Amino acid sequence: MIRRVLPLLLLLLAACGGDPETPEPASARVTDMGAEPQAQETPESRARYTPPPGTWRVRSESLAPGEWYEEYASEDASVLMRVHIFPIRTSRVPAPVLGTAIDTFLRSLGSEGFGAGDHRYVAVLGAPAAQVTWSAVVGTRTVTGGARILRTADDHWAFAVGYMPADDTAQQELVSAFVQSLEPAQPVFYARRFFKPEDLELIVIRKPGEEPVTQRDLIAVELVLEAGAGIRFPLSTRPAVRGALREDVASAKEQRTRDSYRETGAAFAKAAELSVKERLDGMEALGRRSLQALLQRANEGYAPAIRIARVLDRLREMAVGTPEDGLTVGAVRCLHEQCAFLASLAANREVRPDIERGDRIAKALAARWGEIAPEERKALRQTGTAWARLRKAWDDAPEEARTAMRRTVAFALATPEQRKQVEAAANGRALLAWMEALPESELDGLVMRAAALSMKQRADLAAGLDLASTTGWDLGW
């Protein structure tokens, strides 16, 4: 039976889209793991698990970069446990991949199926995970077992599975402990991704005999309109704006409309060679012409143009102060979105902006507007650009920079009493535990405290990110 288990890894990889060729199996070694084995990490620190106590036939093998397994089997193979890491190839949802992994595992043993208990969808140190108990017939034995799968990183799964004879209750706790010991080697924190550069190449429309209009072209037109209007679209308005642009280019009867989108995308790519000032001046000039044409079409009753014009009119309304020295609705919305994102980092979960809180932020700014220094008021008017730069820098940052920023943000947004707890969180696990213990009722306070910071204080929270590499006019962010 042991030798039949050996091709399991490759069979599983084949089920997930990998190479189905089966290599020579690794040889087993009889190993005494001791009475209290210590937790071990898989290669490349993908996951952590605790081997079972006692003496086992141990087999491990690395088949390719990022593909590894280790197996523990009793002498007669009536008890078998395995931990396995492999790349994500299709689904990123744990539950369906778990079912496929168990099924492939059992088929490699000659079993044609299994009965599963209730699936549990959990987060293990922040990693999305699923686990289940199951039963099957392997050879002539009825066995029961357990399995857990978790997404340890953006590109890898960790899978633990084990079984024992159904009537061997003495081994149930051992197998369960092995499966339950699987966890990510490092905590997995909330890490919103704002944009993937490869999405720029998505095709919006393709007409026979023409080059396609891509998402890159659409976003370039959006940025040009922003430059011409002198505002930045909050993320909340993007679906309406991009939807209108998509409808415009898709419904256009004349090729010149599609050409204008493609030319804008191409011009934006060429402008990357210019200085920031030259690029922005060119965008503003083109944007003013584009905006004039859009408003003219809106006056003529063209639906996509009307929708964009309405968004622009609303964002230009004053929320605080006067037109000469105040904040627009668009600037306040961008501020709210930025502060909600900072609160998300502090709480390790998504915190969404809402209308009621946005009104409170505007009222709080209005109440102290006369006390705010002129340079700070000027900086607040540039919140949209600061928010765009933060999104780009966050997406590009290495995980260690994000981790450092999370702790800094958590400390800055915590109450004085909570700051002592953040300081006492000596490692990532402790910090994650503190974040996850925050009740939902605390989230609003995190956002409001972020909004009360100065522009410089908010920028300092992101000091570890490479903000210098962004312009605020990067495609997609």
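Sequence positions, counted from 1, serve as the residue numbers for this chain. Everything quoted here is computed from the prediction, not taken from an experiment.
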*Using distance alone, with no hydrogens and no angle criterion, decide if Glu70 and Tyr49 have a side-chain donor and acceptor under 3.5 Å apart.*
yes
*Taking atom CD of Glu337 and atom OG1 of Thr383, what is their separation to the nearest 0.5 Å?*
11.5 Å
*Electrostatic pair Arg258-Glu210, nearest N-O below 4.0 angstrom*: yes
*Minimum heavy-atom distance between Pro187 and Leu432, given as atom pair plus value*: CB-CD2, 3.9 Å
*Leu453 side chain reached by Leu461 side chain, heavy atoms, under 4.5 Å*: yes
_Taking the basic N atoms (NZ, or NE/NH1/NH2) and the acidic carboxylate oxygens, is any pair closer than 4.0 Å for Lys196 and Glu198?_
no
*Pairwise side-chain contact, Val311 with Ile308, heavy-atom cut-off 4.5 Å (strictly under)*: no
*Any idea which heavy atoms bring Leu446 and Ala343 closest together, and the distance?*
CB-CB, 3.7 Å
*Charged N to carboxylate O under 4.0 angstrom, Lys363 versus Asp359?*
no
*asked:* Give me the atom names and distance for the closest heavy-atom approach of Leu150 to Leu182.
replied: CD2-O, 3.6 Å
*So, do Thr152 and Ile85 sit near enough that their side-chain heavy atoms are less than 4.5 Å apart?*
no
*Are Arg148 and Gln180 close enough that a side-chain donor and a side-chain acceptor fall under 3.5 Å?*
yes
_Once side-chain contact (heavy atoms from CB on, under 4.5 Å) is applied, do any residues pair with Ala266, and if so which ones, sequence neighbours excluded?_
none
*Is the closest side-chain heavy-atom distance between Thr415 and Arg449 below 4.5 Å?*
yes
*Evaluate side-chain contact (heavy atoms from CB on, under 4.5 Å) for Met318 paired with Val329, printing each intermediate quantity in order.*
CA-CA 6 Å; Met318 299 309 300; Val329 168; over 6 Å; no
*side-chain contact (heavy atoms from CB on, under 4.5 Å) between Thr214 and Arg262: does it pass, once the steps are laid out?*
CA-CA 8 Å; Thr214 66; Arg262 286 187 286 260; over 6 Å; no
*Cation-pi geometry met for Arg238 and Phe233 (6.0 Å, 45°)*: no
*Contacts of type ring pair (Phe, Tyr, Trp, His ring centres under 6.0 Å), residue Tyr121, not counting sequence neighbours*: none
_Side chains of Val249 and Val204 in contact at under 4.5 Å (non-hydrogen atoms)_ = yes
*Closest non-hydrogen atom pair between Pro234 and Leu315, with its separation*: CD-CD1, 3.6 Å
*Would you find a donor on one side and an acceptor on the other, under 3.5 Å apart, between the side chain of Glu201 and the backbone of Gln215?*
no
*Using modelled atom types only, decide if a donor and an acceptor are shared between the side chain of Ser62 and the backbone of Ala64 within a distance under 3.5 Å.*
no
_Which heavy atom of Val124 sits nearest to which heavy atom of Ala129, and what is that distance?_
CG2-CB, 3.8 Å
*Under a 4.0 Å N-O cut-off, is there an ion pair linking Glu317 with Arg333?*
no
*To the nearest 0.5 Å, tell me how far Leu380 CG sits from Glu375 CD.*
11.0 Å
*Please indicate whether Arg92 has more than 12 foreign heavy atoms, meaning atoms of other residues, nucleotides or ligands, lying under 6.0 Å from its CZ.*
yes
*Would you say the side-chain atoms of Asp396 pair up with the backbone N or O of Ala393, donor to acceptor, closer than 3.5 Å?*
no
*Are Asp466 and Arg389 ion-paired here, with the side-chain N under 4.0 Å from a carboxylate O?*
no
_Please check: side-chain N/O of Arg402 versus main-chain N/O of Ala191, any donor-acceptor pairing under 3.5 Å?_
no
*Please confirm whether the backbone N or O of Ala379 pairs with a side-chain atom of Gln382, one donor and one acceptor, at under 3.5 Å?*
no
*So do the side chains of Leu365 and Leu327 get within less than 4.5 Å of each other, counting heavy atoms only?*
yes
*In plain terms, say whether Arg242 and Glu222 are close enough for a salt bridge, that is, a side-chain N and a carboxylate O under 4.0 Å apart.*
yes
*When the aromatic ring centroids of Phe341 and Trp394 are compared, is their separation below 6.0 Å?*
yes
*asked:* Do Trp369 and Asp325 make a side-chain contact, defined as non-hydrogen atoms from C-beta onward lying under 4.5 Å apart?
replied: yes
*asked:* Nearest 0.5 angstrom please: Trp157 CH2 to Thr100 OG1, how far?
replied: 10.5 Å
_Sidechain-backbone polar pair: Glu44 side chain, Gly66 backbone, donor-acceptor under 3.5 Å_ = yes
*Residues in side-chain contact (heavy atoms from CB on, under 4.5 Å) with Glu371, at least two apart?*
Arg368
*asked:* To the nearest 0.5 Å, what is the distance between CG on Leu342 and OG1 on Thr408?
replied: 11.0 Å
*So which pairs with a foot in residues 450-459 pass salt bridge (charged side-chain N to carboxylate O under 4.0 Å, His left out), sequence neighbours left out?*
Lys456-Asp460
*Quick one: are Val351 and Val447 in side-chain contact, heavy atoms under 4.5 Å?*
yes
*Glu247 atom CD, neighbour heavy-atom count above 12 within 6.0 Å*: yes
*Nearest-0.5 Å distance that lies between atom CD1 in Ile205 and atom CG in Leu218*: 11.0 Å
_I want to check a possible cation-pi pair here: Arg391 against Trp387, using under 6.0 Å from ring centre and within 45° of the ring axis as the test._
yes
*Take Glu324 and Arg381 through the salt bridge (charged side-chain N to carboxylate O under 4.0 Å, His left out) test and state the conclusion after the steps.*
CA-CA 11 Å; Glu324 294 75 23; Arg381 285 191 279 272; over 6 Å; no
_Per the salt bridge (charged side-chain N to carboxylate O under 4.0 Å, His left out) rule, what does the pair list look like for residues 264-279, sequence neighbours excluded?_
Lys277-Asp281
*I would like to know whether Trp477 and Phe195 meet ring pair (Phe, Tyr, Trp, His ring centres under 6.0 Å); could you show each step before the answer?*
CA-CA 6 Å; Trp477 288 272; Phe195 190 73; 5.4 Å; yes
*Do any N or O atoms from the side chain of Trp68 and from the backbone of Ser60 form a donor-acceptor pair under 3.5 angstrom?*
no
_Applying salt bridge (charged side-chain N to carboxylate O under 4.0 Å, His left out) as the test, list every pair that has at least one member in residues 418-446; sequence neighbours left out._
Glu183-Arg429, Arg349-Glu440, Arg357-Asp444, Arg360-Asp444
*asked:* Testing the basics here: between Leu413 and Ala346, what is the closest heavy-atom pair and its distance to 0.1 Å?
replied: CD1-CB, 4.3 Å
*Is Ile355 atom CD1 crowded by more than 12 heavy atoms from other residues, nucleotides or ligands, each under 6.0 Å away?*
no
*Is it true that Glu399 and Arg406 make a salt bridge, defined as a side-chain N closer than 4.0 Å to a carboxylate O?*
yes
*Do Arg352 and Glu350 sit within salt-bridge range, that is, some charged N less than 4.0 Å from a carboxylate O?*
yes
*Do Arg307 and Asp248 pass the salt bridge (charged side-chain N to carboxylate O under 4.0 Å, His left out) test, and can you show the C-alpha distance, the side-chain angles, and the key distance before you say yes or no?*
CA-CA 11 Å; Arg307 292 203 298 274; Asp248 176 46; over 6 Å; no
*Leu475 CG to Asp199 CG distance, which is reported to the nearest 0.5 Å*: 12.5 Å
